[in-house]
Enquirer: 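Let me give you the structure first, and then I'll get to my questions.
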Amino acid sequence: MDKAELLRRADEYSQRKGLTIGPALGAGVHGSVFAGESQAESLKSAIKVYERELFYQRERDVYFRLRDRGVTSVRGCNVPKLLGYDDRLWVIEMTIVARPFVLDFAGAYLDRAPDFSDEVMADWRAEKAEQFEGRWPKVQAILASFRSLGVIIQDVNPGNISFGD
């Protein structure tokens, strides 16, 4: 999808919510994230705009689950809080969190993991163990805590689970 279209939708959401759109905070395979600032309260937020509705819905629904269960951190890692969303624009507004954090739930599943072969999962675990090195056991514990909430995180990388040390 055209980056200008993502920015247009972020801007439309921001105007409706009385936010000032700021610089891009990041971009990935599911969309782009922009800074937002409340003009009335001087509060900063992250505005994530999705390229596809499926990934928007997945992340929105994970945030609903976390909100309903009062989850703001998992095993000492901060989790963004849902501030707003728009089902027409495919936009989620969330708090900006400091490290350590877990974020980006667009590739997550609720209550049921995708059916990958044992070989695919073994390769995935080996790749993640290499990416996280000595922190891999801690990451596995974080993933298990999310699974206990019915959230199966698939997009696991040091950009999404960061310890900051």
Side-chain angles (χ1 to χ4, degrees), residues 1-3 5-7 9-10 24-34 45-165:
M1 178 172 286
D2 182 333
K3 296 296 183 195
E5 171 61 15
L6 296 176
L7 181 57
R9 288 194 278 129
L25 298 175
V29 296
H30 300 123
S32 295
V33 182
F34 301 93
S45 61
I47 300 166
K48 187 168 182 179
V49 188
Y50 299 80
E51 292 189 11
R52 293 185 48 211
E53 186 175 19
L54 171 66
F55 298 114
Y56 160 75
Q57 290 173 341
R58 282 185 182 169
E59 189 149 10
R60 179 203 61 198
D61 292 351
V62 168
Y63 278 115
F64 287 166
R65 172 80 49 96
L66 298 174
R67 179 195 64 199
D68 293 348
R69 304 246 174 119
V71 175
T72 58
S73 68
V74 171
R75 294 194 169 262
C77 290
N78 297 309
V79 176
K81 177 182 171 187
L82 178 68
L83 296 174
Y85 61 95
D86 188 298
D87 289 339
R88 183 180 61 81
L89 297 173
W90 307 341
V91 172
I92 290 177
E93 181 186 3
M94 65 199 87
T95 57
I96 296 174
V97 293
R99 288 181 171 87
F101 60 63
V102 178
L103 45 83
D104 195 354
F105 304 108
Y109 294 82
L110 285 178
D111 302 320
R112 186 175 164 168
D115 189 23
F116 293 121
S117 70
D118 292 341
E119 181 179 312
V120 166
M121 289 308 298
D123 289 345
W124 182 86
R125 281 189 293 277
E127 176 186 332
K128 299 308 162 189
E130 184 177 316
Q131 284 179 342
F132 286 98
E133 298 175 338
R135 292 192 174 107
W136 178 233
K138 186 172 182 176
V139 171
Q140 288 177 299
I142 291 166
L143 296 176
S145 292
F146 273 99
R147 275 193 305 277
S148 74
L149 298 166
V151 177
I152 297 90
I153 300 175
Q154 291 298 119
D155 189 5
V156 178
N157 63 66
N160 293 343
I161 300 178
S162 180
F163 300 103
D165 53 359

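Here the structure is a predicted model, which is why all the values come from computation and not from measurement.
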Enquirer: For residues 143-163, pull every pair meeting salt bridge (charged side-chain N to carboxylate O under 4.0 Å, His left out), keeping only residues two or more places apart or in separate chains.
Expert: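 For residues 143-163, and leaving out neighbouring residues, there are no salt bridge (charged side-chain N to carboxylate O under 4.0 Å, His left out) pairs at all.
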Enquirer: Decide yes or no for V79 and V97: does some side-chain heavy atom of the first lie under 4.5 Å from some side-chain heavy atom of the second?
Expert: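 SC-SC contact between V79 and V97 ruled out.
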Enquirer: Counting only N and O atoms by type, is there a donor-acceptor contact under 3.5 Å from the side chain of R69 to the main-chain atoms of L149?
Expert: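 Yes, R69 side chain to L149 backbone: donor-acceptor pair under 3.5 Å.
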Enquirer: Quick one: side chain to side chain contact (heavy atoms under 4.5 Å, CB included) partners of L25, sequence neighbours excluded?
Expert: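 For L25, the residues satisfying side chain to side chain contact (heavy atoms under 4.5 Å, CB included) (neighbours in sequence not counted) are V33, A35, A46, I96.
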Enquirer: Quick one: salt bridge (charged side-chain N to carboxylate O under 4.0 Å, His left out) pairs with a partner in residues 82-92, sequence neighbours left out?
Expert: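 The answer is E12-R88, R16-D86, R60-D87.
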Enquirer: What residues, two or more places apart in sequence or in another chain, satisfy side-chain hydrogen bond (donor to acceptor under 3.5 Å, both in side chains) together with S73?
Expert: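 Partners of S73 by the side-chain hydrogen bond (donor to acceptor under 3.5 Å, both in side chains) criterion come out as none, since no residue qualifies.
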Enquirer: Could you tell me which residues satisfy ring-ring contact (aromatic ring centres under 6.0 Å, His included) with F132, sequence neighbours excluded, listed by chain and number?
Expert: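 Partners of F132 under the ring-ring contact (aromatic ring centres under 6.0 Å, His included) test: none.
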Enquirer: Using the test side chain to side chain contact (heavy atoms under 4.5 Å, CB included), find all partners of S117 that sit at least two apart in sequence or belong to another chain.
Expert: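 S117 satisfies side chain to side chain contact (heavy atoms under 4.5 Å, CB included) with E119, V120 only.
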Enquirer: Any sub-3.5 Å donor-acceptor pair from R99's side-chain atoms to S162's backbone N or O?
Expert: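 No, R99 side chain to S162 backbone: no donor-acceptor pair under 3.5 Å.
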Enquirer: Could you work out, with salt bridge (charged side-chain N to carboxylate O under 4.0 Å, His left out) as the rule, every residue matching D111, not counting sequence neighbours?
Expert: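 If we apply the salt bridge (charged side-chain N to carboxylate O under 4.0 Å, His left out) test to D111, skipping adjacent residues, the hits are R65.
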Enquirer: S32: which residues meet the side-chain hydrogen bond (donor to acceptor under 3.5 Å, both in side chains) condition with it, sequence neighbours left out?
Expert: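 With neighbours one apart ignored, the set is empty.
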Enquirer: Is there side-chain contact between T95 and T72, with at least one heavy-atom pair below 4.5 Å?
Expert: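 A side-chain contact is absent here, since even the closest heavy-atom pair is not under 4.5 Å.
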Enquirer: According to ring-ring contact (aromatic ring centres under 6.0 Å, His included), does anything in residues 103-125 pair up with another residue at least two apart or in another chain? List the pairs.
Expert: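 Those involving residues 103-125 are Y63-F105, F105-F146.
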Enquirer: Write out all pairs satisfying side chain to side chain donor-acceptor pair (under 3.5 Å) with one or both partners inside residues 76-85, taking only residues at least two apart or from two chains.
Expert: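 Found none.
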Enquirer: Does any N or O in the side chain of R67 come within less than 3.5 Å of the main-chain N or O of L82, such that one atom is a donor and the other an acceptor?
Expert: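 No, because the side chain of R67 does not come within donor-acceptor range (under 3.5 Å) of the backbone of L82.
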Enquirer: Roughly how far, to the nearest 0.5 Å, is the CD1 atom of I153 from the OG atom of S145?
Expert: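 Reported to 0.5 Å precision, the distance equals 10.0 Å.
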Enquirer: My understanding is that only residues two or more places apart in sequence, or in another chain, count here; which of them pass side-chain hydrogen bond (donor to acceptor under 3.5 Å, both in side chains) with D123?
Expert: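 So D123 forms no side-chain hydrogen bond (donor to acceptor under 3.5 Å, both in side chains) with any residue.
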Enquirer: Suppose we screen for side-chain hydrogen bond (donor to acceptor under 3.5 Å, both in side chains). Which residues come up paired with Q57, at least two apart in sequence or across chains?
Expert: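 Here the qualifying residues are E53.
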